[in-house]
K.L.:
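Below is the structure I would like to discuss, written out as structure tokens.
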Amino acid sequence: MKFNTKTIHAGQQPEETSGAVMPPIFQTSTYAQQAPNVNKGYDYARVGNPTRTALEKLIAGLEDADQCACFASGCAAIDAVLKMFRPDDHIIASNDLYGGTYRLFTQVFEPMGIDFSFVDMTSLSEVEQAQTDNTKLLWIETPTNPLLRIVDIEALTNFAREHEILSVVDNTFASPYLQRPLTLGSDMVLHSTTKYLGGHSDVIGGAVATSDEEVMEKLRFQVKTTGAVPGPMDCYLTLRGIKTLSVRMRQSVENAKEIASFLQDHPQVDQTIYPGLRSHKQHDIAKKQMDDFGAMISFSLKDDSQEKAHNFMSQTSIFTLAESLGGVESLISHPASMTHASIPREVREKAGLKDSLIRLSVGIEDAEDLIEDLAQAFG
Ligand SMILES: *Cc1c(COP(=O)(O)O)cnc(C)c1O
């Protein structure tokens with residue numbers, strides 16, 4: 001089955017008792033047993049729920065994985081992956097990382113004895129230098145946030161496999177429509193389904209997909225034992241969102257390309273960061289591992305100050321000022337004062353995150369309206 005067909009049909013069969021074409025919302029906490037421990041595959045809803053199973057099969061299908069486990073949020077999915085490790089285990093992660101992931105690593109798992117190195121993963125040699133005898137996991141995120149750097153998944157996962165290190169790719173920014181990390185050699189792929197998979201900014205969720213039986217067993221143990229599971233209604237909303245993933249992504253990416261070229265030519269713009277631009281440092285890697293270049297754009301102003309960025313953002317009316325991404329509506333945000341405010345200014349500057357950097361999540365509106373909205377905000 002090809003990708004677009006999978007978004008509608010993977011793991012989805014008409015429901016057995018009624019023939020309902022859409023997966024029902026199984027709003028139940030427990031299931032009748034025929035005899036002690038004889039059941040129809042479900043015994044208690046923390047462990048499993050048919051609406052959740054439908055979503056898990058669908059995401060596994062999209063990511064070319066054997067299995068998938070769904071969680072209450074992207075952060076809960078990250079938490080479950082990290083709990084496979086033990087004190088003194090060492091994890092190498094990207095230094096341009098989703099803020100919530102960084103907080104979970106440094107404020108929850110580091111105090112519990114797991115060691116982390118944060119490196120520039122666009123450089124294989126930096127990853128090699130960080131490796132120790134205890135390195136157990138490579139945590140890859142690509143495109144990165146908010147600088148939209150592209151990490152070479154194949155190169156890094158080859159390195160990981162050679163050294164018997166597990167690898168995971170946080171695929172939230174690309175979505176499986178654009179990038180399927182398991183086919184590039186990664187052991188696990190993780191999502192905040194809150195973003196492109198859900199697609200309508202109306203539900204929080206997370207998922208990890210893998211074809212590694214042993215890894216999935218550990219994840220299922222976490223699901224059952226720690227219980228950070230999504231409710232059936234949330235699974236239903238995510239299932240419904242995924243049905244239009246392809247058409248939404250196609251429109252968002254087309255819009256993003258037009259906006260990126262508009263920004264690139266604008267006299268008040270210093271730098272436009274979009275993996276689809278030839279000027280992007282890892283444009284060739286993006287071309288190699290992604291089917292298209294995504295719908296996230298970052299840009300900085302020639303007049304580089306937080307005040308100028310704030311002024312700009314107060315002038316847009318279609319682009320809504322908000323954190324998050326991946327919905328049908330276009331959003332605008334200011335990383336230096338919003339998502340990345342806790343990072344000291346010198347550290348931000350060194351990483352290339354300028355005071356005036358503005359991040360766009362491009363939605364599915366008409367490109368002309370979006371460009372007009374940005375054009376008038378420049379004044
Ligand atoms: C949003 C996000 C997360 C966290 O997901 P939640 O669903 O908000 O818990 C993790 N990684 C990336 C890249 C994200 O954008």
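Each ligand, and each atom within it, is numbered from 1 in the order the structure gives.
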K.L.:
Quick one about Arg180 and Asn171 (side-chain donor to acceptor, distance below 3.5 Å, no hydrogens or angles considered), yes or no?
P.N.:
no
K.L.:
Are Gln67 and Ser211 linked by a side-chain donor-acceptor pair shorter than 3.5 Å?
P.N.:
no
K.L.:
Indicate whether any N or O donor in one side chain lies under 3.5 Å from an N or O acceptor in the other, for Glu329 and His200.
P.N.:
no
K.L.:
To the nearest 0.5 Å, what is the distance between CD (Gln264) and CD (Gln271)?
P.N.:
10.5 Å
K.L.:
Provide the number and element of each atom of ligand 1 under 4.0 Å from a heavy atom of Ser73.
P.N.:
7 (O), 9 (O)
K.L.:
Return yes when atom NZ of Lys224 has more than 12 non-hydrogen atoms of other residues, nucleotides or ligands closer than 6.0 Å, and no otherwise.
P.N.:
no
K.L.:
Taking the six-membered ring for Trp and the full ring for Phe, Tyr or His, determine whether the centres of Phe118 and Tyr102 are under 6.0 Å apart.
P.N.:
yes
K.L.:
Go through ligand 1 atom by atom and flag the ones less than 4.0 Å from a non-hydrogen atom of Ser192.
P.N.:
1 (C), 2 (C), 3 (C), 4 (C), 5 (O), 6 (P), 7 (O)
K.L.:
How far is atom 11 (N) of ligand 1 from the closest protein heavy atom, and which atom is that?
P.N.:
Asp170 OD2, 2.7 Å
K.L.:
Checking the N or O distance criterion of under 3.5 Å, is ligand 1 in contact with Gly74?
P.N.:
yes
K.L.:
Counting neighbours of CZ on Arg161 that are heavy atoms of other residues, nucleotides or ligands and sit closer than 6.0 Å, is the number greater than 12?
P.N.:
yes
K.L.:
For ligand 1, which atoms have a heavy atom of Gly205 less than 4.0 angstrom away?
P.N.:
7 (O)
K.L.:
Of all the non-hydrogen atoms in the protein, which one sits nearest to atom 9 (O) of ligand 1, and at what distance?
P.N.:
Cys75 N, 2.9 Å
K.L.:
Do any nitrogen or oxygen atoms of Leu325 lie less than 3.5 angstrom from nitrogen or oxygen atoms of ligand 1?
P.N.:
no
K.L.:
Is Thr101 close to ligand 1, meaning an N/O of one under 3.5 Å from an N/O of the other?
P.N.:
no
K.L.:
Which ring pair (Phe, Tyr, Trp, His ring centres under 6.0 Å) pairs, counting each pair once, include a residue from residues 5-58, with sequence neighbours left out?
P.N.:
Tyr31-Tyr42
K.L.:
Which residue holds the protein heavy atom closest to atom 1 (C) of ligand 1, what is that atom called, and what is the gap in Å?
P.N.:
Lys195 NZ, 1.4 Å
K.L.:
Would Asn145 count as a contact of ligand 1 if the rule is a heavy atom under 4.0 Å away?
P.N.:
no
K.L.:
So, does Ala76 sit close enough to ligand 1 that a heavy atom of it is under 4.0 Å from the ligand?
P.N.:
no
K.L.:
Below 30° counts as parallel, above 60° as perpendicular, anything between as tilted: where do the rings of Phe262 and Phe378 land?
P.N.:
tilted
K.L.:
Looking at atom 3 (C) of ligand 1, what's its closest protein heavy atom, distance included?
P.N.:
Tyr98 CE2, 3.3 Å
K.L.:
Do Glu141 and ligand 1 have an N or O pair less than 3.5 Å apart?
P.N.:
no
